[in-house]
Structures are given as structure tokens and as C-alpha cells.
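Working notes, structure below.
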Amino acid sequence: MPSDVEYSPVGEGLGMRDYWLYVWLRRAAVIAAHVTGLGLTLIISLLSRPGTSLFSWHPVCMSVAYCLCMTEGILLFSAEGSPFCFKSRKCKVRLHWFCQALVLIAAVTGLGFMLASKNVSELPHLVTWHSWLGISTLAATVLQAACGICLIFPKLLRLSSSPLRLKLYHATCGLLVYLLATVTVVSAMFSDWFQATVKGVAWWGFLLLPLFPALVVMNQITNAYLPRKKITS
């Protein structure tokens, strides 16, 4: 079944000067997203003081999973500002899967530390918006990984959709999972632990930091996969 899809070209309709300015701005944004994801992970890890309690490992694992590994796993497909921009598509896909595997490992580990901390403290589970968002994000991450398997082995699984359509679905669902993860990270800023640790202007800064990589990821995926014409079979 042929699929009539035209993807949105980056910088369409721009003059040469405007085009190169657009490219450099995109490159700067991607580099800034790399720095933001890594910086946020390092700062949260320092603030949580890992090893001081069972709970202290939860922010570390979750920030490594979603602020660092998931962000890097998506940004490595960027043509601007990625250290892997000159690698082949096959190499990028392998690195993407490696990053997403780390996401699952770190997220499940972080969940385990959270459950253990709650059990030791004899506190109830799933009583905050952050906890419900966290469980939803982890479930969505697992489902997205399963969709990725379908994309790698479409013939083995006897899927009727074309590879182009499957890539579009996978990218769209991946964006939704990343945005859900961003909302979950932002909700963590309202937790009693974080508000007791970070106060004042710094708290507002942390509240805004996760939004920047999310905007860059959204821009990357929509530019690469947003169809200009309706998909027809």
C-alpha cells in the first residue's frame, strides 16, 4: 500500500542569509538543550545527595532516565548540534535504542527505590499528582519501546502498515511520551522535598529548565515528521 506523504522541509521559503541564520539558531538551541539536560541531571543528583537515604536515589535515577538519556536518545537524530550528526542512520538507531534501554533501566530502578522508601517509612503509595504522572510516564515509556520493536521487525510481526507510516507513528508517540515525562519532571518541582531544598528565584529557574529541551525536541520531531498532506493508503 503506497503512502502519499510529504514531510515539511526545514527552512522552506527562506533566503540564503535567513536560511543560515535559521540553521545557526537551531544548532545553538540543540546544543543548549544538550547542556540543559545534562546540567539539570547533575544538579538534581547533587541536591538529592545520593546514598543518604533510599529516597535520595529516586531523583537521581529518574533525572538520568528522562532528563539525560531520553533527551539524548532523541537529539542524536538532530542534524544540528548533535555529536552523532555525521553517523549513519543505522548507527543512530542503535544508539537510540541503547539510550532508551538506559531510560527503562534507570526509571525502573528509580521506581524501586521509591517503593522501598515508602515501605520502610510506612507511607501510602500513589497519593500525589506526581506519583500518578510518574507511573503513567513509565507505562507510556514501556509501550513506546514496544512500538519501537514493531518498527524494527515489521515483517516478522506481519504488520500491514508501511515503514514510513510506522516511523511517523513512533515519532509522534515518542513526542507525546517525552512531553508527559516533562510534565512529570515539572510536577516534581512542587514536591515537599524539592520545595524544601530549592527556594526563591532558583526554584522558578528549575521550574522553567525542563521546558527548553521539550521545545527543542518538539521542534525537531515536527520538522522531521509533520506531514503537509494527509496520509492516504
Side-chain angles (χ1 to χ4, degrees), residues 33-76 95-149 173-199 202-214 217:
H34 283 294
V35 174
T36 303
L38 177 60
L40 191 59
T41 302
L42 291 175
I43 294 173
I44 290 177
S45 298
L46 290 173
L47 290 176
S48 62
R49 296 182 298 169
T52 55
S53 65
L54 285 173
F55 171 79
S56 66
W57 289 104
H58 174 72
V60 175
C61 292
M62 291 308 189
S63 60
V64 168
Y66 291 102
C67 297
L68 183 62
C69 293
M70 180 169 280
T71 301
E72 293 301 317
I74 296 174
L75 291 181
L76 65 85
L95 288 171
H96 175 74
W97 260 102
F98 177 73
C99 289
Q100 300 314 307
L102 290 180
V103 170
L104 287 173
I105 293 171
V108 170
T109 303
L111 176 62
F113 278 115
M114 187 72 253
L115 293 175
S117 176
K118 291 277 190 178
N119 290 334
V120 169
S121 303
E122 297 183 349
L123 296 173
H125 299 283
L126 300 175
V127 294
T128 64
W129 280 106
H130 175 65
S131 60
W132 281 105
L133 285 169
I135 288 295
S136 301
T137 301
L138 183 55
T141 304
V142 173
L143 291 175
Q144 177 65 357
C147 292
I149 295 175
C173 293
L175 175 59
L176 294 177
V177 172
Y178 190 86
L179 294 178
L180 179 59
T182 301
V183 172
T184 304
V185 171
V186 170
S187 70
M189 311 297 180
F190 293 91
S191 65
D192 293 337
W193 166 77
F194 195 85
Q195 289 188 326
T197 305
V198 181
K199 300 178 180 180
W203 182 85
W204 287 100
F206 273 102
L207 187 67
L208 297 176
L209 274 179
L211 302 180
F212 180 72
V217 166

What is the distance from atom [atom1] of [X] to atom [atom2] of [Y], rounded to the nearest 0.5 Å?
X    : Y    : atom1 : atom2 : answer
L208 : T36  : CG    : OG1   : 11.5 Å
N119 : H125 : CG    : NE2   : 4.0 Å
W57  : S48  : CH2   : OG    : 8.0 Å
I44  : H58  : CD1   : NE2   : 10.5 Å
L75  : M70  : CG    : CE    : 12.0 Å
S56  : F113 : OG    : CZ    : 8.0 Å

Got [X] and [Y] here, is their nearest side-chain heavy-atom distance under 4.5 Å?
X    : Y    : answer
L180 : L176 : no
F206 : T197 : no
S63  : S45  : yes
I149 : W97  : yes

Please report the shortest heavy-atom distance between [X] and [Y], naming the atom on each side.
X    : Y    : value
T184 : L133 : OG1-O, 3.4 Å
M189 : W203 : O-NE1, 2.7 Å
Q144 : C173 : OE1-CB, 3.2 Å
T109 : C61  : CG2-SG, 3.9 Å
C67  : T41  : CB-OG1, 3.4 Å
P213 : G37  : CG-N, 4.5 Å

Mind checking what makes side chain to side chain donor-acceptor pair (under 3.5 Å) contact with [X], not counting sequence neighbours?
X    : answer
S187 : H130
H96  : none
S131 : T128
T71  : Y178

Inset, instruction - Sequence neighbours left out, what passes side chain to side chain contact (heavy atoms under 4.5 Å, CB included) with L104? Give chain and number order. - result: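 T141, V142, A145.
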
Inset, instruction - Using the test side chain to side chain contact (heavy atoms under 4.5 Å, CB included), find all partners of S191 that sit at least two apart in sequence or belong to another chain. - result: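 Testing S191 for side chain to side chain contact (heavy atoms under 4.5 Å, CB included), a comparison that skips the adjacent residues, returns W193, F194.
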
Legend entry - Candidate pair I135 and L111, rule side chain to side chain contact (heavy atoms under 4.5 Å, CB included), full reasoning: CA-CA 9 Å; I135 288 295; L111 176 62; 4.1 Å; yes

